[in-house]
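Lettering follows sequence order; numbering is per chain, from 1. Not measured: the values here are computed from a predicted model. These numbers come from the heavy atoms of this one structure, side chains and all, not from hydrogens, waters or symmetry mates.
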Amino acid sequence: MPLVIYNTLTRRKEDFSPICSTRVTMYVCGPTVYNRVHIGNARPAVIFDVLFRVLQTLYPRVDYARNITDIDDKIIKASRELNQDISVITERYSRLYIQDMDSLNNLTPTFSPRATDHISEMLDIITDLVKSGFAYFSDGHVLFSVAADSNYGKLSQRLSSELMAGARIDVASYKQNPGDFVLWKPSGPADPGWPSRWGRGRPGWHIECSAMVKKHLGETIDIHGGGQDLLFPHHENENAQSRCIHNGRPLSNFWMHNGFVNLDGEKMSKSLGNFRLVGDLLKKYPGEVLRYAILTAHYRFEQNFGFSVLDAAKNSLNSLYGYLRAAENIKISHSDEVSSCRGVDALLDDLNTPLALSELHRIAKEMHTSRGTKQKRLKTQLMSLSRLMGLLQQKPEAWFKNKIENQVITNDQIEDAINARKEAKFAGDYVTADIIRKRLEKSGVVLEDSRKDTTWRRR
RNA sequence: GGCGCGGUGGCAGAGUGGUUAUGCAGCGGACUGCAACUCCGUUAACGCCGGUUCGAUUCCGACCCGCGCCUCCA
């Protein structure tokens, strides 16, 4: 079964085929680093990580770039408010972002380019655009001229003539057309800035991606991804800039957009203030739970994200790891080969992760009730499918016993309590034994008695 | 005003023109000193109204409701 991807450009599912059969290029818009990221920022990172993993099984080389925007007016604002140098802020939050993404089991992208490392590349593009008449200089700004680009609006299906209707566009006096957007803007003496032929200034929002895509991946790439909210204006503008300096060749053949994460039925966003930070959630839940929860919904649609979703995700993982724990001594040979099965096919069908997850459960359950070669085969299948999704990759023992930040009781304390209970049980003192178990349960520890001994897990 | 998405059982969430996933939660039973784990069984849904059809949750049309983009935003 071929990989099928829903392409925003054509509003259809299409068979995926890369420009070069041996190398796939993918670029995903990362965060602006001025504070901690919320779970909505984590969604594209997880989704495209799954795609990255899937592509790696299909093609010999996959170049995946996920950028970090480290120059932006919001960062400048944060720098003023905190009275800290801008680089201190961007360094801190880049590091935390990468840390958060790592704890969600995301693989490290091939490239993690930063905007400020690409100023000269941006200026080159701007120079090109001005030279070829797609951009103009006005009152210290360099602006892209929407009217000069006949294909403008195609990606987001918006006619530039209709942009006026909402009357929500910043109609600045230096713009020839309200839809024109800034490529380069002047910086005050206190603002960060770089010298240019248009004076000391800094880049507009969209130009960085055009520059980084071109430098690391090429003129036209295979897949460009990001959140739904980036479709317009960000991706439309990126695409316009790149197309215009490349004789009409597109920035990307496939455009993918993930839906939002909602909280109480409303879009989670920093401007609304209704967000859950990944870092905060990680104090209560293992990263794998966040990842599982993200994968329970299809990426194109919006997803509700409350604690009940996380609790359910955790219980589901408990069940899967429980099966794996029971099958721990079944040896399987690790192989990168991924054979076709319903779960893999689900992923190949525009990343139907909810369906793939249901397969995980089906396989795990069947594995549990099988024996011999069948069981071995099913475990192999389970492990390779889950690896494609970045799940179930730790030892069951670690899953059940590793402490997360908010848990206080130590493994030693648990073991001691279990020993005490064992003595009580041996003496027939079930009252004491039950008190100990209840006390442990209050600390989030569940005991499981078997014939031989007592094992435990954190709830 | 323009463009777009969605409404499925208690919750989450796939999918399909007829046999109605899956997970979590619930319920009944087995196992257990009691539990937990596991096993067996089980309840329960397709916003509303028309149309097409032998048959629609699935296709078509209208309607209602919710959400998003058009300004920074994953």
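Pairing for B:U16 is absent, with no Watson-Crick or G-U wobble pair whose two atom distances lie under 3.5 Å. Summarising the base pairing, B:G9 is matched to no nucleotide, lacking a Watson-Crick or G-U wobble pair whose two defining distances lie under 3.5 Å.
When heavy atoms are screened at a 4.0 angstrom cut-off, A:His234 is found touching no nucleic acid atom at all. Within 4.0 Å (heavy atoms only), A:Ser269 reaches at least one base atom of the nucleic acid. At a threshold of 4.0 angstrom between heavy atoms, the contacts of A:Asn304 are confined to the sugar-phosphate backbone, with no base atom among them. Within the nucleic acid shown, A:Gly30 comes within 4.0 Å of sugar-phosphate atoms alone, with no base atom in reach, counting heavy atoms only. Within 4.0 Å of A:Asn315, counting heavy atoms only, lie sugar-phosphate atoms of the nucleic acid but no base atom. A:Ser450 comes within 4.0 angstrom of nothing in the nucleic acid, heavy atoms only. Counting any heavy atom pair closer than 4.0 Å across all strands shown, A:His368 reaches sugar-phosphate atoms only and no base atom. Contacts of A:Gly322 with the nucleic acid, taken as non-hydrogen atoms under 4.0 Å apart, are absent. Among the protein residues, A:Arg342 comes within range of no part of the nucleic acid, since none of its heavy atoms lies under 4.0 Å from any strand.
The base of B:C34 lies close enough to the side chain of A:Asp449 for a donor and an acceptor atom to sit less than 3.5 Å apart.
Applying the side-chain hydrogen bond (donor to acceptor under 3.5 Å, both in side chains) criterion to A:Asn105, with sequence neighbours excluded, gives no partner residue. Taking A:Ser145 as the reference, nothing meets the side-chain hydrogen bond (donor to acceptor under 3.5 Å, both in side chains) condition, with sequence neighbours excluded.
In this structure, A:Asn262 places its CG atom 10 Å from C1' of B:G66, rounding to the nearest Å. Regarding A:Phe305, its CZ atom lies at a distance of 20 Å from the P atom of B:C67, rounded to whole Å.
The 5' end of RNA chain B is approached more closely, in terms of each residue's nearest nucleotide, by A:Arg300 than by the other of A:Glu266 and A:Arg300. Summary of the strand contacts: A:Val309 and A:Glu448 both lie near RNA chain B, and taking for each the nucleotide with the nearest heavy atom, the more 5' one is attributed to A:Val309.
A:Ser308 has no side-chain polar atom (N or O) that falls below the 4.0 Å cut-off from OP1 or OP2 of B:C24. Under 4.0 angstrom from either OP1 or OP2 of B:C69 there lies at least one side-chain N or O belonging to A:Lys267.
When the options A:Val62, A:Val50, A:Asp222 are evaluated for a side chain to side chain contact (heavy atoms under 4.5 Å, CB included) with A:Leu55, the one that passes is A:Val62. Evaluated for a salt bridge (Lys or Arg N to Asp or Glu O under 4.0 Å) with A:Arg421, the options A:Asp429, A:Asp449, A:Asp416 yield exactly one hit, A:Asp449.
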